[in-house]
Structures are given as structure tokens and as C-alpha cells.
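Report on the following structure.
Reckoned from all heavy atoms, side chains included, excluding hydrogens, waters and symmetry mates. Note that the numbering runs from 1 along the sequence shown for the chain.
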Amino acid sequence: MKIHHIRNASMVIETNNHVILVDPMLGPKGSMAPFSFIRHKARKNPIVAMPDNSTELLNKVTHCLITHLHMDHLDKAGEQFLIENNIPVIGSVRDEKELLKKGLNVVEVIEYWKQKEFLDGTIEGIPARHGYGYVAKPMGNVMGFYIELKNEPSVYLSSDTIYTDDVNKVLMEYEPDISVVASGSAQLDLFKPLLMTTDDILKFTKNAPGKVIANHLEAVNHCPTTRTQLKELYAKEGLTEKAIVPEDGEVIEIGNKLK
């Protein structure tokens with residue numbers, strides 16, 4: 001399996017038979033308004049361009065997973081790409097109406113804790129809580145995914161979430177080979193953080209049984225945690241070999257299943 005990190009939470013999972021795009025934010029640098037104006041510098045989003053190798057990679061996409069509808073996970077350019085190429089889309093049952101309204105080719109919707117057939121394996125929806133305290137409610141529905149494909153490592157896409165009992169359950173009981181954690185510590189001008197604090201990112205990484213990929217970094221203006229800061233924390237905790245903090249456009253090759 002190859003994991004192609006594109007930008008922010010946008011990534012591609014490439015197997016022998018399938019090329020799965022996750023959360024396409026594909027617009028050019030500065031194509032969206034800032035998400036924070038006071039707490040963080042009010043730069044237009046995305047704050048970085050797409051990597052040079054993205055077009056060739058996107059041309060191979062066969063399916064798309066969408067964890068939620070925020071613009072840093074599905075922007076207008078992402079919608080246009082999916083529509084123009086008639087890409088089969090899989091998302092949360094709670095987002096089905098909105099996805100269809102956008103004109104996307106929704107072929108499957110997923111429910112929390114219910115396993116469904118997916119390609120040559122299975123997929124299951126995992127609850128995600130997008131923020132600490134009150135802010136999680138207005139941030140709305142988010143779904144993580146636990147994916148098992150034939151002869152491939154299992155993958156847990158935790159999506160935009162804080163560390164919860166549900167997250168812990170997947171790490172401890174499902175034992176994913178690869179776990180992806182949104183690590184930018186996003187925060188709006190008001191309320192508590194929307195994503196895991198660095199303490200919870202470290203907890204997630206320690207509790208994950210396999211490799212951890214940290215994404216949602218240095219691409220949108222309300223995410224203050226940098227790759228350098230996270231790598232330094234991982235090194236301090238002895239987690240450098242376990243955690244991967246990819247650059248935009250980086251390709252990660254993952255070996256066999258753990259079990």
C-alpha cells in the first residue's frame with residue numbers, strides 16, 4: 001500500500017486494485033477566506049499550493065471518501081473534480097443529502113459502528129468529535145473510517161476529532177496497522193480547540209499499535225502546530241520511528257498487516 005499525502009487532510013490510498021482519494025481540498029492557494037482573523041494571522045486558505053505531483057496522482061483516482069463537509073476537506077475545486085470525473089463517492093449517511101445536492105456520484109453511505117462491504121474488503125464508520133467542549137456542536141457531523149482491504153494493511157482515518165472513548169476503542173480493539181491523526185491543533189477565534197491538543201496527539205500515537213501518520217498541518221490558517229514542532233515532540237517522547245509527519249506530496253509505502 002502507498003499513502004500519498006497531498007495537502008491538509010487530502011490524501012490518496014493506493015492499493016494494487018484501487019486508488020482512493022480522501023477529503024479533496026484541491027483549490028489553488030488563497031482560494032478561500034481565512035478561518036481565523038484574530039487568534040491566528042488572517043491568511044486566505046489554503047495557505048500553500050498543491051504539490052507538483054498531484055495532477056498525475058489525481059488522474060488515477062477510482063473512488064473518494066469524504067469524512068465531513070467542511071471546506072478544508074471538500075472545497076469547490078474538489079467538488080468539481082469529483083463531478084467532472086464522475087468519481088464514486090462514499091460518505092456518512094448524515095451527509096448524504098448534501099453530497100447529492102452538490103451533484104456528486106454517491107454510491108454508498110456509511111453509518112457509525114456498522115461494517116459494510118467496500119471494494120474488496122470492508123469499511124466501518126467511526127464517531128468523531130470535532131472539538132473540545134461546546135464548539136463540537138456547531139462544527140457538526142464528522143465521521144472517521146476503519147478500512148480493511150484484501151491483503152492490505154488496515155487503515156483508521158480518525159478525521160477531525162479530539163481523543164474520545166470511541167477513538168480509544170478503535171486503537172485498542174481494532175488494532176489498525178495505520179492510523180491517521182489530524183494534528184494541526186486547529187482553533188477558531190472563539191472557543192476551545194477543534195482538533196487534538198499536542199498532548200492528545202502524543203496519547204493517540206502512543207496508543208496506536210501500528211504506524212501513525214500526522215496530517216492537517218501547515219495548510220490552513222487556523223492550525224498553529226507545525227511539522228517541526230510535532231517532530232520535536234515525537235523525538236522527545238521516543239516516537240520518531242512510529243510516527244510519520246509527511247511533507248505535501250510525500251509518498252509513504254506501508255508493508256504487511258500487523259495481524
Quick one: closest heavy-atom pair of [X] and [Y], and the distance?
| X | Y | result |
| --- | --- | --- |
| K116 | V109 | NZ-O, 2.9 Å |
| G103 | I83 | O-CG1, 3.6 Å |
| M172 | E175 | O-CG, 3.7 Å |
| A128 | G144 | CB-N, 4.3 Å |
| A208 | S179 | CB-OG, 4.2 Å |
| K114 | I110 | O-CG2, 4.4 Å |

Is there side-chain contact between [X] and [Y], with heavy atoms separated by less than 4.5 Å?
| X | Y | value |
| --- | --- | --- |
| I178 | Y156 | no |
| M11 | D23 | no |
| L74 | K102 | yes |
| K203 | D200 | yes |
| F81 | K76 | no |
| T225 | L195 | no |
| T198 | S185 | yes |
| I147 | L65 | yes |

Original post:
What orientation do H216 and H73 show, parallel under 30°, tilted 30 to 60°, or perpendicular over 60°?
Top reply: tilted
**OP:** Can you label the angle between the Y163 ring and the F204 ring as parallel, tilted or perpendicular, going by 30° and 60°?
**Re:** perpendicular
Hey, what do you get for [atom1] ([X]) to [atom2] ([Y]), rounding to the nearest 0.5 Å?
| X | Y | atom1 | atom2 | value |
| --- | --- | --- | --- | --- |
| I162 | Y132 | CD1 | OH | 5.5 Å |
| L119 | T15 | CG | OG1 | 7.5 Å |
| K60 | L21 | NZ | CG | 12.5 Å |
| H70 | N141 | NE2 | CG | 9.0 Å |
| L82 | I66 | CG | CD1 | 5.5 Å |
| H63 | I20 | NE2 | CD1 | 7.5 Å |

Checking [X] side chain against [Y] main chain: does a donor-acceptor pair fall under 3.5 Å?
| X | Y | value |
| --- | --- | --- |
| T161 | R129 | yes |
| H130 | L194 | yes |
| T205 | I201 | yes |
| D95 | G91 | no |
| Y134 | K192 | no |
| D75 | G27 | yes |

Would you please say whether a donor-acceptor pair under 3.5 Å links the side chains of [X] and [Y]?
| X | Y | value |
| --- | --- | --- |
| S154 | D177 | yes |
| Y174 | E124 | yes |
| N215 | N8 | no |

Subject >> Qualifying salt bridge (Lys or Arg N to Asp or Glu O under 4.0 Å) pairs with a residue from residues 235-252, counting only residues at least two apart or across chains >> reply: K206-E237, R227-E247, R227-D248, K231-E247
Original post:
Taking only residues at least two apart or on different chains, which pairs with a member in residues 154-168 satisfy salt bridge (Lys or Arg N to Asp or Glu O under 4.0 Å)?
Top reply: none
Subject >> Verdict with supporting geometry, L230 and L217, side-chain contact (heavy atoms from CB on, under 4.5 Å) >> reply: CA-CA 10 Å; L230 191 55; L217 293 160; 4.1 Å; yes
[X] and [Y]: same hydrophobic cluster, using ILVMFWY side-chain contacts below 4.5 Å?
| X | Y | value |
| --- | --- | --- |
| M71 | M25 | yes |
| I252 | L157 | yes |
| I90 | V19 | no |
| V22 | I244 | yes |
| M139 | V142 | no |

Original post:
Should H5 and I213 be marked as a side-chain contact (heavy atoms from CB on, under 4.5 Å) after you check the CA-CA gap, both sets of side-chain angles, and the distance that decides it?
Top reply: CA-CA 9 Å; H5 173 69; I213 298 174; 5.9 Å; no
Original post:
Would E218 and C223 count as a side-chain contact (heavy atoms from CB on, under 4.5 Å) if you check the C-alpha gap in whole Å, the side-chain angles of each, and the deciding distance to 0.1 Å?
Top reply: CA-CA 7 Å; E218 299 182 26; C223 287; over 6 Å; no
**OP:** Decide if atom NZ of K97 counts as having more than 12 heavy atoms of other residues, nucleotides or ligands within a radius under 6.0 Å.
**Re:** no
**OP:** Under the side-chain contact (heavy atoms from CB on, under 4.5 Å) rule, what do I87 and C64 come out as? Steps first, then yes or no, please.
**Re:** CA-CA 7 Å; I87 302 295; C64 179; 3.9 Å; yes
